[in-house]
Amino acid sequence: MSKIVEQTIRDLRGAILDAMGRAVAQGMLPAEPAPDFTIEVPANREHGDYAANVAMVTARTFRMAPRKIAEILSSQLVLDGTFFDRCEIAGPGFLNFFLSKRFYAAVLQDIETLGSQYGRSDYGKGEKVMVEFVSANPTGPMHMGNARGGALGDCLSSVLDAAGYQVWREFYINDAGNQIDKFALSLDLRYQQIYKGEEAVPMPEDCYHGEDITERAREFAQQYGESYLEREESERRKALVDFALPKNIAKMKADMEKYRIHYDEWFCESTLHKDGEVAETIDILKEKGLTFEQDGALWYRATAFGAEKDEVLVRKNGNPTYFAADIAYHRNKFLKRGFDRCIDIWGADHHGHVARMKGAMDAVGLNGNKLDVVLMQLVKLVRNGEIVRMSKRTGKAIQLSDLLDEVPVDAARFLFNMREANTQMEFDLDLAVQQDAQNPVYYVQYAHARICSIEKALAADGITKRPCTQEELMLLTAPEEIELIQHLASYTSEIVAAAKDYDPARITRYVITLATLFHKFYNACRVKGEEESLTQARLTLCLAVNTVIENVLTMFKITAPEKM
């Protein structure tokens, strides 16, 4: 929360404890150690700006009715020096506190002082957190799920950073194992088909049949011609993978850059095999007696750590499974690179893998509770009210690059971050390109641009922003002004809550509400044409709103235009 809000709550708690101490000293309350109590914002601000349940939680300790305790505490309360001007007793004994005008002035001064740093806190205490997201299979192009996962992962990383965590963004490239063998086979068959025909070289059903495979095989043929047809199968397939995989990874990197996602590291699964970390991890499980052999394969006793079934670690052919590499990868995150917490963003179809992986961390001597998994539901693309499954341009499944060619990046990042990860969402292609208030990102950007134009119009009339005194800012008393400042005051605590819940969509919703409250204020309160001090106070409020809108949009790598 902002320093002002933090100080406000701290001072209020101190005032309540002082009142309790005075009541005990006067014999009004027994000298018993009181349990902790909460101070929170009521659902209805008409009942007070903050409410304390102190009378309810101390009723048993003091052997007294909550209402009576509330009356005693209220009689002993001294609010001088705090941001509160009165206290009321409600219901069975709630203490409701009302903020003074000085608080609202202090919030605006805080925003003006902190500027682009407003909203940031040290809640995370510098804890090292890795967020691993997208991590799409490099054997083919990225799709819609990656578009949502990219926005979610990047925005969550930004929220954690603002909340005081030390954040690392990572993309895990599955460049080893079964899918690469299948990739090699698919490329090989398409390469041979170029020269021998499709009938002579049939493509099994479980191969990769995408146009991208054919395209890579064709590119390989253009460079090397028929020279690899007579080579050893293993040599030919290795050459094809060595040729095609870097191109696919480069395309992924280009797509992510276009989407404004910059990773700290693109980590290759193959390095875990080369560095011996997969073998090392398997040996640890063996030493702990957590493996057994069956049907020629090596199994891990996953059921010993809460999983529903045991898992194969090493196949009959001697190759480690993807699961074995995944355990090694997560061990690498915690043990080798020293992350305090790791957050993975996975598709909802991986829900069965969560308990297995957390259990595996416990199995290798780490803490599975330090691994958190955010499960993300599917996205449905909608155009003209109907579900879209195919790209008009290519006639195949819509890829991330298709989407970014059609939809502004601002809109994609904003709209994909409007729902919690665990809810299904529809992405409306028509809405994403609309330039009106129906489009949420346009609506928020327009509020920012509108404030910039207000400032320019006032400047043209000789009215420029100057520092306001606290007394001048205390002129802001209209309900629309108070409601707007209250929302501004909650920004830092909203970031902390979003970081706690791994829900960056909370901030997207916050900034939409901020834009709504600004338009409501602007329609009700004139900036120009009022007494000079009030004009300056309202201009200060407008610019505070703009600072917070810009802070949110910048945090989410969305542009904040000055005119539209």
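One is the number of the first residue; the rest follow in order along the sequence.
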Is the closest basic N to carboxylate O distance between [X] and [Y] below 4.0 Å?
{"X": "Lys125", "Y": "Asp122", "answer": "yes"}
{"X": "Asp503", "Y": "Arg509", "answer": "yes"}
{"X": "Lys333", "Y": "Glu170", "answer": "no"}

Let me know which of Phe171, Tyr263, Tyr329 forms a side chain to side chain contact (heavy atoms under 4.5 Å, CB included) with Glu132.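 Among Phe171, Tyr263, Tyr329, the one meeting side chain to side chain contact (heavy atoms under 4.5 Å, CB included) with Glu132 is Tyr329.
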Pairs meeting criterion salt bridge (charged side-chain N to carboxylate O under 4.0 Å, His left out) with involvement of [range], two or more places apart:
{"range": "residues 426-439", "result": "none"}
{"range": "residues 90-107", "result": "none"}
{"range": "residues 483-500", "result": "Glu483-Lys520, Glu494-Arg506"}

Please answer whether the main-chain N or O of [Y] pairs with a side-chain N or O of [X] as donor and acceptor at a distance below 3.5 Å.
{"X": "Asp372", "Y": "Ile343", "result": "no"}
{"X": "Lys358", "Y": "Leu371", "result": "yes"}
{"X": "Asp461", "Y": "Leu458", "result": "no"}
{"X": "Asp410", "Y": "Ile558", "result": "no"}
{"X": "Glu88", "Y": "Gly48", "result": "no"}
{"X": "Thr58", "Y": "Thr61", "result": "no"}
{"X": "Asn551", "Y": "Tyr118", "result": "yes"}
{"X": "Thr535", "Y": "Val527", "result": "yes"}
{"X": "Asp362", "Y": "Gly368", "result": "yes"}
{"X": "Glu265", "Y": "Phe267", "result": "no"}

Minimum heavy-atom distance [X]-[Y], with the two atoms named:
{"X": "Thr508", "Y": "Met418", "value": "CG2-CG, 3.6 Å"}
{"X": "Cys87", "Y": "Leu95", "value": "SG-CD2, 3.8 Å"}
{"X": "Pro408", "Y": "Val433", "value": "CD-CG1, 4.0 Å"}

How would you list all residue pairs meeting ring-ring contact (aromatic ring centres under 6.0 Å, His included) that involve [range], not counting sequence neighbours?
{"range": "residues 17-76", "value": "Tyr50-Phe84"}
{"range": "residues 544-564", "value": "none"}
{"range": "residues 465-515", "value": "His487-Tyr510, Tyr491-Tyr510"}

Nearest 0.5 Å, what's the CD-CD distance between Glu420 and Gln377?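 That separation rounds to 11.5 Å.
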What's the verdict on side chain to side chain contact (heavy atoms under 4.5 Å, CB included) for Phe97 and Ile39, showing C-alpha distance, side-chain angles and the deciding distance? CA-CA 10 Å; Phe97 297 86; Ile39 295 172; over 6 Å; no
Greater than 12 external heavy atoms within 6.0 Å of [X]'s [atom1]:
{"X": "Arg45", "atom1": "CZ", "value": "yes"}
{"X": "Phe94", "atom1": "CZ", "value": "no"}
{"X": "Lys456", "atom1": "NZ", "value": "yes"}
{"X": "Lys258", "atom1": "NZ", "value": "yes"}
{"X": "Glu532", "atom1": "CD", "value": "yes"}
{"X": "Lys68", "atom1": "NZ", "value": "no"}

Any luck finding a side-chain donor-acceptor pair between His330 and Asp344 under 3.5 Å?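 Result is yes, a qualifying pair exists.
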Sole candidate of Glu480, Glu481, Glu531 that passes salt bridge (charged side-chain N to carboxylate O under 4.0 Å, His left out) when paired with Arg538: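 Going through the options one by one, the only one that passes is Glu481.
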Derivation of the side chain to side chain contact (heavy atoms under 4.5 Å, CB included) call for Leu108 and Leu488: CA-CA 8 Å; Leu108 296 180; Leu488 290 170; 4.1 Å; yes
Kindly write out the residues that satisfy side chain to side chain donor-acceptor pair (under 3.5 Å) with [X], not counting sequence neighbours, or none if the list is empty.
{"X": "Glu257", "result": "His262"}
{"X": "Ser158", "result": "Arg169"}
{"X": "Gln486", "result": "Asp49, Tyr104"}
{"X": "Asp36", "result": "Arg13"}

Would Leu79 and Asp85 satisfy side chain to side chain contact (heavy atoms under 4.5 Å, CB included), going step by step from the backbone distance to the final call? CA-CA 7 Å; Leu79 295 174; Asp85 59 12; over 6 Å; no
Non-neighbouring partners of Lys336 that pass salt bridge (Lys or Arg N to Asp or Glu O under 4.0 Å), sequence neighbours left out: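 Testing Lys336 for salt bridge (Lys or Arg N to Asp or Glu O under 4.0 Å), a comparison that skips the adjacent residues, returns Glu280.
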With sequence neighbours left out, what residues match Arg419 under salt bridge (Lys or Arg N to Asp or Glu O under 4.0 Å)?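 Arg419 satisfies salt bridge (Lys or Arg N to Asp or Glu O under 4.0 Å) with no residue once adjacent residues are dropped.
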Aromatic rings [X] and [Y]: how do their planes relate, parallel, tilted or perpendicular, breaks at 30° and 60°?
{"X": "Tyr442", "Y": "Tyr446", "value": "parallel"}
{"X": "His519", "Y": "Tyr443", "value": "tilted"}
{"X": "Phe339", "Y": "Trp168", "value": "tilted"}

Would you check if Leu429 and Leu403 make a side-chain contact, meaning some heavy-atom pair closer than 4.5 Å?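 Yes, side chains in contact.
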Evaluate the criterion side chain to side chain contact (heavy atoms under 4.5 Å, CB included) for residue pair Phe133 and Val374; output intermediate values, then yes/no. CA-CA 10 Å; Phe133 58 104; Val374 176; over 6 Å; no
